[in-house]
Protein chains: 2
Amino acid sequence: MNARVDDLDRKILTELQADASQTLDEIASKVGSSKTPVWNRIRKMRETGVIGATTVILDPDKLGLEACFFVLIRTSEHEAEWQNKFLETLRARPEVLEAHRLAGEIDYILKVQVANARAYDDFYQALISEVRIFNVTALLSMERIKHTTALPV
Amino acid sequence: MNARVDDLDRKILTELQADASQTLDEIASKVGSSKTPVWNRIRKMRETGVIGATTVILDPDKLGLEACFFVLIRTSEHEAEWQNKFLETLRARPEVLEAHRLAGEIDYILKVQVANARAYDDFYQALISEVRIFNVTALLSMERIKHTTALPV
DNA sequence: GCTGAAACGTTTACTTG
DNA sequence: CAAGTAAACGTTTCAGC
């Protein structure tokens with residue numbers, strides 16, 4: 001399930017990740033090609049799913065979402081029913097930006113972006129009232145040192 | 001530093017986060033307004049930095065980046081010089097997608113996206129050879145349950 | 001601050017080298 | 001497989017309300 005992507009494709013992806021609002025002509029000249037081949041490659045990568053959504057990056061602070069928590073979760077439940085309920089809860093909560101099931105002692109990690117500690121506690125209370133959780137550790141971010149959506153292509 | 005954003009602005013942001021390649025007409029009709037006011041609001045939000053870069057979301061699996069690690073770091077060093085070196089190292093490494101300085105016992109958390117465990121180890125060895133680190137725990141993601149760049153506006 | 005329309009630029013598809 | 005081209009479409013600006 002690993003798409004064939006050549007060197008020119010990678011250059012195009014780098015440009016799109018840096019700024020997807022560039023015109024085809026700009027991208028073409030930066031990657032050393034011309035409009036038509038660049039356009040065809042982008043279309044193909046969209047079709048194969050290498051390129052997904054085009055989106056816009058917002059500033060959380062300017063929108064009053066000043067608190068970012070990483071939440072480490074251990075649970076004693078490992079049944080399918082419990083897991084489904086847990087996943088549904090996470091997917092339904094827009095403040096959960098990321099959720100991963102982990103290998104090892106800690107079962108899940110969440111990234112939660114909220115207005116303040118109070119808003120995090122509201123989320124936390126809602127979560128533990130919906131699903132049984134054994135142990136939760138919340139790590140509060142003091143400073144976002146680096147933040148990128150750009151994969152190393 | 002908290003921008004004034006009204007209800008119509010929030011609707012526009014929701015649309016842009018969902019799909020920034022929509023035309024102004026599409027966005028305008030979805031949010032119940034028309035082209036010009038939507039365009040003026042988008043421009044203002046770009047100027048004030050509420051809206052940042054337009055980008056494209058790539059599929060890490062399709063690009064062969066199949067391993068995602070969350071790295072918990074404790075250090076005994078808290079001098080400015082050490083910290084600068086550490087930050088520079090992280091910023092220079094494209095596999096580090098996210099890095100936060102934390103409150104509490106754990107000093108830093110990183111999100112690292114690489115091809116495989118071997119590539120993670122290369123990163124880890126490079127990191128500890130460049131800066132003194134007291135304790136590192138790597139959490140390997142088995143499954144990405146949720147992943148969004150969309151903030152809850 | 002909105003509407004509508006006109007000017008301008010970009011995308012897309014197709015034809016040709 | 002690339003370049004050129006032209007029609008379709010989208011964006012941006014501006015005058016009038």
Side-chain angles (χ1 to χ4, degrees), chain A residues 1-65 148-153, chain B residues 1-60 62-64 148-153:
Chain A
M1 219 29 186
N2 189 315
R4 285 184 308 280
V5 171
D6 70 11
D7 211 56
L8 181 55
D9 288 329
R10 286 178 201 281
K11 285 185 191 165
I12 294 169
L13 292 176
T14 302
E15 289 304 322
L16 285 177
Q17 288 195 122
D19 180 5
S21 70
Q22 289 176 98
T23 66
L24 274 180
D25 274 328
E26 280 171 325
I27 296 169
S29 90
K30 284 186 190 168
V31 304
S33 183
S34 60
K35 223 154 57 162
T36 311
V38 170
W39 190 77
N40 284 326
R41 282 158 180 268
I42 291 175
R43 193 156 55 91
K44 185 166 286 172
M45 289 192 284
R46 275 192 212 281
E47 274 164 18
T48 58
V50 175
I51 299 177
T54 300
T55 189
V56 116
I57 304 302
L58 305 185
D59 183 328
D61 286 352
K62 297 229 165 96
L63 291 163
L65 297 168
T148 180
T149 57
L151 300 180
V153 293
Chain B
M1 218 30 184
N2 187 315
R4 285 185 307 281
V5 171
D6 70 12
D7 211 55
L8 181 55
D9 288 329
R10 285 178 201 282
K11 284 185 191 166
I12 294 169
L13 292 176
T14 301
E15 288 305 322
L16 285 177
Q17 289 196 119
D19 180 4
S21 70
Q22 290 177 96
T23 67
L24 277 178
D25 274 329
E26 280 172 325
I27 297 169
S29 91
K30 285 187 190 168
V31 304
S33 183
S34 60
K35 226 157 50 163
T36 309
V38 170
W39 190 78
N40 283 326
R41 283 157 179 269
I42 291 174
R43 192 156 55 91
K44 184 164 286 173
M45 290 192 285
R46 276 193 213 281
E47 275 165 18
T48 57
V50 174
I51 300 176
T54 300
T55 188
V56 117
I57 304 303
L58 305 184
D59 184 326
K62 298 232 164 92
L63 291 163
T148 179
T149 56
L151 301 180
V153 294

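Reminder, nothing fancy here: chain letters follow the sequence lines and each chain counts from 1.
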Residues in side-chain contact (heavy atoms from CB on, under 4.5 Å) contact with [X], at least two apart in sequence or another chain:
{"X": "A/T36", "result": "A/N40"}
{"X": "B/T55", "result": "A/Q17, A/T55, A/I57, A/T149"}
{"X": "B/A53", "result": "none"}

Show every salt bridge (Lys or Arg N to Asp or Glu O under 4.0 Å) that has at least one partner inside residues 37-53 of chain A, sequence neighbours left out. A/D6-A/R41, A/D9-A/R41, A/R43-A/E47

Results of side chain to side chain donor-acceptor pair (under 3.5 Å) for B/S21 - residues two or more places apart only: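 Only B/D19 meet the side chain to side chain donor-acceptor pair (under 3.5 Å) criterion with B/S21.
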
Can you identify which nucleotide, out of D/dA2, C/dC2, C/dT3, has its nearest atom closest to the B/S34 side chain?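 Looking only at heavy atoms from C-beta outward on B/S34, the closest nucleotide is C/dT3.
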
CD1 of A/I42 versus P of C/dT10: gap in Å, rounded? 15 Å

Summary of protein contacts for nucleotides 10-17 of chain D, nucleotide by nucleotide, where a base hit scores B, a sugar-phosphate-only hit scores S (4.0 Å, heavy atoms): SBBBB---

